[in-house]
Amino acid sequence: MTTATPAAGSRDLPHPVREDIRLEAVLHALSDPMRLQIVRELAAERTELTCSQFVLPVTKSTSTHHFRVLREAGVIRQCYRGTAKMNGLRRDDLDDLFPGLLDALLAAAARQATRLGG
């Protein structure tokens with residue numbers, strides 16, 4: 001997998017280039033309820049959010065792990081703005097590579113949340 005590598009000493013985080021995003025990695029990343037919740041919130045907000053804006057019932061280190069899995073799968077893009085780590089959904093990349101997949105998954109997750117009362 002080719003990864004865009006950050007410059008030495010940079011606070012940029014590595015992300016897969018669009019052509020290297022794999023369906024298996026995306027589906028794996030979205031198979032976890034916490035990661036799916038993160039993606040649902042990013043999709044609903046339609047803007048970048050800081051890690052601290054997410055209220056997840058897990059430790060900070062576990063949250064960091066979930067964000068890393070999403071980033072390395074190509075689902076989100078992370079960058080530093082000052083001391084804040086910003087998170088944005090890579091909707092354009094995902095829609096280009098897998099047309100309709102993200103919308104179908106988000107709709108299914110919303111139906112499930114309604115059905116389960118969440």
Side-chain angles (χ1 to χ4, degrees):
M1 175 193 298
T2 306
T3 307
T5 51
S10 163
R11 292 187 70 195
D12 290 339
L13 299 161
H15 298 82
V17 295
R18 178 186 288 202
E19 296 74 25
D20 288 340
I21 296 174
R22 300 283 312 256
L23 179 61
E24 302 91 328
V26 170
L27 293 175
H28 168 74
L30 296 175
S31 69
D32 182 274
M34 290 299 110
R35 294 192 290 263
L36 185 57
Q37 180 180 336
I38 291 167
V39 170
R40 290 182 69 202
E41 288 182 37
L42 284 171
E45 292 297 323
R46 296 185 174 268
T47 188
E48 292 180 333
L49 299 173
T50 65
C51 293
S52 62
Q53 289 178 276
F54 295 89
V55 180
L56 302 174
V58 295
T59 64
K60 184 176 178 180
S61 64
T62 301
S63 293
T64 299
H65 166 75
H66 287 310
F67 283 106
R68 181 180 52 79
V69 170
L70 288 167
R71 177 175 45 82
E72 290 177 352
V75 176
I76 66 171
R77 180 166 306 281
Q78 292 185 302
C79 65
Y80 282 99
R81 297 240 172 76
T83 59
K85 190 185 290 183
M86 303 304 295
N87 301 280
L89 187 59
R90 291 181 68 176
R91 180 178 276 282
D92 289 346
D93 291 336
L94 296 172
D95 287 345
D96 181 58
L97 293 167
F98 316 111
L101 177 67
L102 187 57
D103 288 332
L105 289 170
L106 291 169
R111 285 192 302 275
Q112 175 174 279
T114 300
R115 180 173 51 88
L116 299 177

Exercise. According to a 4.5 Å side-chain heavy-atom criterion applied to Ile, Leu, Val, Met, Phe, Trp and Tyr, with indirect links allowed, do L23 and I21 form part of one hydrophobic cluster?
Worked result: yes

Problem set entry | Closest approach of A73 to A25 (non-hydrogen atoms, all atoms of both residues) | CB-O, 3.5 Å

Seminar exercise, completed: Given the options L102, V39, L97, L94, V26 meets side chain to side chain contact (heavy atoms under 4.5 Å, CB included) only with L94

Problem set entry | Check: T50 and N87 side chains under 4.5 Å, non-hydrogen atoms | no

Seminar exercise, completed: Distance col, row L70:CG vs I76:CD1, nearest 0.5 angstrom, shows 5.0 Å

Problem set entry | side-chain contact (heavy atoms from CB on, under 4.5 Å) partners for D32, two or more places apart | M34, R35, H66

Exercise. Are C51 and K60 side-chain neighbours, meaning at least one heavy-atom pair lies under 4.5 Å?
Worked result: no

Exercise. Are L89 and L101 joined in one hydrophobic group, where the rule is that I, L, V, M, F, W and Y side chains link up if heavy atoms are under 4.5 Å apart?
Worked result: yes

For this session: Please name the pair of heavy atoms, one in R40 and one in A113, separated by the smallest distance, quoted to 0.1 Å.
Result: NH1-CB, 3.6 Å

For this session: Could you tell me the separation between the CG atom of L36 and the CD atom of E41, rounded to the nearest 0.5 Å?
Result: 10.5 Å

Problem set entry | Validation row: L105, L30 side chains within 4.5 angstrom (heavy atoms) | yes

Exercise. Roughly how far apart are F98 CZ and L27 CG, rounded to 0.5 Å?
Worked result: 8.0 Å

Exercise. Can you tell me how far CD of Q53 sits from CG of L42, rounded to the nearest 0.5 angstrom?
Worked result: 9.5 Å

Exercise. Given T62 and L56, is the side chain to side chain contact (heavy atoms under 4.5 Å, CB included) satisfied, shown in steps?
Worked result: CA-CA 9 Å; T62 301; L56 302 174; over 6 Å; no

Exercise. What's the shortest heavy-atom distance between A43 and R46, and which atoms?
Worked result: O-CG, 3.2 Å

Exercise. What's the spacing between D20 CG and R22 CZ if we round to 0.5 Å?
Worked result: 9.0 Å

For this session: Could you name each residue pair satisfying salt bridge (Lys or Arg N to Asp or Glu O under 4.0 Å) that touches residues 79-92, not counting sequence neighbours?
Result: E48-R81, R90-D93, R91-D95, R91-D103

Exercise. For Q78, which of R68, H15, R71 qualifies under side-chain hydrogen bond (donor to acceptor under 3.5 Å, both in side chains)?
Worked result: R71

Problem set entry | Single-linkage hydrophobic cluster, 4.5 Å side-chain cutoff, M86 and L49 together | no

